[in-house]
Amino acid sequence: MELIGYTCSYIPLEILSATGLKPYRLLHGEISLSQKGETQVRIDACPLIKSNLGFLLENKNRFACIIGATGCDMSRRMVEVVKTFTDIPVYIFNNPRTDNFEIYSNEVDGLVNELEQFFHRRLDKSIIEKECEKWEKIRQHLISIDAHRRTHPSALSTTTFHKIVKGYHQGKFEEIAKGVPEEISYKPRIYLLGSPISYESGPLLELIEQRLRICGDFNCGLSRGIYIRVTEKSVTGLKKAYFNQPPCIFKRPNKRYYEWVEKDIKATKSTGIIAFVLDYCDNFDFEIPQMERCLPLPILRLKSDFSFQNISQIKIRIDAFIDVLASLRGGVV
Amino acid sequence: MKKIRTHAPRKIGLAAWSKQFDKIAEETIRKYKYYNNDEWGIYFSPPATFMVYGLRELKRLKFDNSLEALRMWGFVFNETERLFRAKQINKKLIATMGDLGTVPVLVMAFPDCIPFYPECLWWTPFFKESTELLDTASKLGIPEATCFSRAVAAAFYKKAYFPRPDLIIASTGASCDDYSCVMQVVENMGYEIFWVETPCRKSPDFFLSRPKPQILEKSSAGLVYSKILEEYLIKEYQRIWQVLFKLTGVNNPHRLTETIKKVNTLRRMVMEIKKLNAEAEVAPLPALELMTIEFGNLYGYADFDEWVEIVAALHQLVQKRVEKGLGVLPKDALPIAWVTPSADPFLLNLVEDLGCRVVATEYVINQSLVPIEENIEPLRALARSFINASLIGTTEERVKNIKEKITQRQIKGVLITNMLGASHCAMETRLIERLLGDVPVLAIDIPAPFGITQQIRTRIEAFVETLR
């Protein structure tokens, strides 16, 4: 067993990695995996959850354990389904949905303690310090790569960035170490937000980027998570850094999410927003009207279930969105 | 004084109820009033009154024919009027959302504070046979494939179903997402919300290694949990206490102790009614009334004192019927368990008409059914009672009692009612089917108001045939 699975960006990677295993974020989104997951949950469960379940059912021997979190409701419940249908040991990390640092702090301590006992390995100060250095270096490198996307004109596509950042989420660093290709684009600049971008979402990003350039995002699976800054290389430092990461939309209230996104939209000089929402992803679906009210740019909502059955529709809608962007800018996008 | 005739227990429709109501003495009608007000607090009316006011489903429903049940329906359907009255007489209305049963105990400990659950409005579109609230929710951008509790966001938007609350307390955390999202939408409309964390009840199954016994505790319902959860909840309840203190200027812990006693009186009666109903040879009350009684535990339909009296009367009625071996369903009605409350009350009637009898329920409100400890510090007692909450733990724990009843052969089948797209339904239904697989399980999606089709009837009929 080489992997330690996890489900949420609030779970510190450094602590998981200190076990000697590769932290593997469960971010699968592929229709056949989703169908496999559907054997254990209803069809109206989130496609990402179903896909992750499918992946775990196919790869159960690769996982030493799964660390789940109380992020969204379906994600939390996925851990119980995994426990019922596989032999993979599971743990639930109580990630508070309100601004409650005490709960978060206790939960991180609990996680450290639990991993130490389970793996019979002391996660001492020096191990944590080493892990903090390693992951911080990777994140800094990814931030420097992301800067290519964000420049004006954008010098890196999100399609390529997605391939690179996958390594971070899967605990594989080969892709990250490679050089960055030059992909200058003068296409209309847009900002992507919404549900997680899965490992298999490349074709969707490619489709968007045939006509537009995604030069910033707020998505799990893309840049969300790489902007966690660990300055104090200890468990205490990890708690502070992870708790104060780019705020999740699941938090209540989620005002800080909007503040962050608005700031980032300005920084990336985006001219439009694409909100990618997975079927039954309530946390984003319910928020679209608020996004339309709060965020200063036109928004295109794309809904999908990973099947790409609606690919032609998505294509037409992107084209129409470009017309909208053009009309707002006197024909120039 | 007119003499009230005692009728043999049975289920009757609206017309029969109106006829029976004519025979009730004026003194009896005037005897019962909400907020103890003689002038405008009378609520005793036949269900036809509320049908005329717009609850059109009432003409399809069948009710228990007792005076006690009639009194209950008058009180329950009068809630909107009651909430507006409360505001008129300067009571403070506190919307308690998401936790289902514990925060109102805190609220009631403060003078002139009336807690109410906006989520209970999810029944309104069905009682009204109208999609108006649901359509408004769609216009507000709430997806159609979500829990019917989205009607609540529309009610906040329309400002006609209850007065503007003086305070909104909303619990979020390890609970269903649909409702957490509804509450966020309400906040986005400009309502100020006081958010409360409800952490996950982590059972030993969700630890990698065996947790040390000293970090664990057992709840009153026998659920094992991390002790730290209790401390988290106490701190959250302290925050609520502070905000209510700020609102009312009153800080009297003794009132909380008294409120807990009152709440326990109700909870014990309801548990006793459930037990009597399940064990009696003939069902003493219909499932629709039983569900209404069970949900009254949440907040007493905005007049807790009167509700306790109503339930006490129903309790006596059930006792009498059980003693006499009387009931409302045939003796051979098939005992089933019902998991997740039905947004459409008509289904409860229908399932009984097709030959079943509901003897166990899991309506996601386990936390409001357990007695609160009276011999410990009140906030800790509240935390300990909430720890039994249905939605903060695992599905296995949620259906534990039903599983036991299956083992004891008290239940022949299980009916699950789902909402398409509701987060916990999507994830739990298959698990429940698997966990309760020793008996036939039927899972149905609740259709939109007035949407129960022949197909649903046929599925229930087939389920009943399987049970026989």
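Order of the sequence lines sets the chain letters (A, B, ...), proteins ahead of strands, with each chain counted from 1. Predicted model, so just to flag it, every value in this text is computed and none were measured.
- Ion pairing between B:R398 and A:E80 fails under the 4.0 Å rule for side-chain N and carboxylate O.
- When heavy atoms are compared at a cutoff of 4.5 Å, B:E236 approaches chain A solely by way of its side chain, counted from C-beta outward.
- In this structure, A:E102 and B:E197 have side chains that are not in contact, with every pair of non-hydrogen atoms separated by 4.5 Å or more.
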**OP:** Just do the salt bridge (charged side-chain N to carboxylate O under 4.0 Å, His left out) check on B:K202 and A:E107 with the steps written out, would you?
**Re:** CA-CA 11 Å; B:K202 221 185 300 188; A:E107 286 296 314; 2.9 Å; yes

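- Residue B:K139 does not touch chain A at all, counting heavy-atom pairs closer than 4.5 Å.
- In this structure a side-chain-to-backbone donor-acceptor pair under 3.5 Å is missing from B:D177 to A:C72.
- The backbone N or O of B:S209 lies less than 3.5 Å from a partner atom in the side chain of A:E114, making a donor-acceptor pair.
- In this structure, the side chain of A:K83 does not engage the main chain of B:D205 through any donor-acceptor pair within 3.5 Å.
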**OP:** Please step through side-chain hydrogen bond (donor to acceptor under 3.5 Å, both in side chains) for the pair B:S180 and A:R252, ending with a clear verdict.
**Re:** CA-CA 8 Å; B:S180 177; A:R252 299 288 179 256; 3.0 Å; yes

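- A donor-acceptor pair is defined here as one N or O able to donate and one able to accept, closer than 3.5 Å; no such pair exists between the side chain of B:Q184 and the backbone of A:E287.
- Only the side chain of A:I67 has a heavy atom closer than 4.5 Å to any heavy atom of chain B.
- For A:F250, no part lies under 4.5 angstrom from a heavy atom of chain B.
- Although no hydrogens or angles enter the test, the distance criterion places a donor-acceptor pair under 3.5 Å between the side chain of A:N94 and the main chain of B:C200.
- For a residue to count as touching a neighbouring chain, one of its non-hydrogen atoms must lie under 4.5 Å from one of that chain's; by this rule A:P89 touches chain B with backbone and side chain alike.
- Only the side chain of A:R76 comes within less than 4.5 Å of a heavy atom of chain B; its backbone N, CA, C and O stay farther away.
- Distance check, rounded to the nearest 0.5 Å: OG1 of A:T84 to CZ of B:R430 gives 14.0 Å.
- Crowding of B:E217 atom CD: a count of heavy atoms from other residues, nucleotides or ligands under 6.0 Å exceeding 12.
- Of the atoms belonging to A:Q40, it is backbone heavy atoms, and not side-chain ones, that fall under 4.5 Å from chain B.
- For A:N283, the parts lying near chain B are the backbone and the side chain together; criterion is any non-hydrogen pair under 4.5 Å.
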**OP:** Go through the steps for A:T98 and B:V196 under the test side-chain contact (heavy atoms from CB on, under 4.5 Å), then give the verdict.
**Re:** CA-CA 7 Å; A:T98 56; B:V196 176; over 6 Å; no

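- Of the two parts of A:I49, only the side chain, counted from C-beta on, holds a non-hydrogen atom closer than 4.5 Å to a non-hydrogen atom of chain B.
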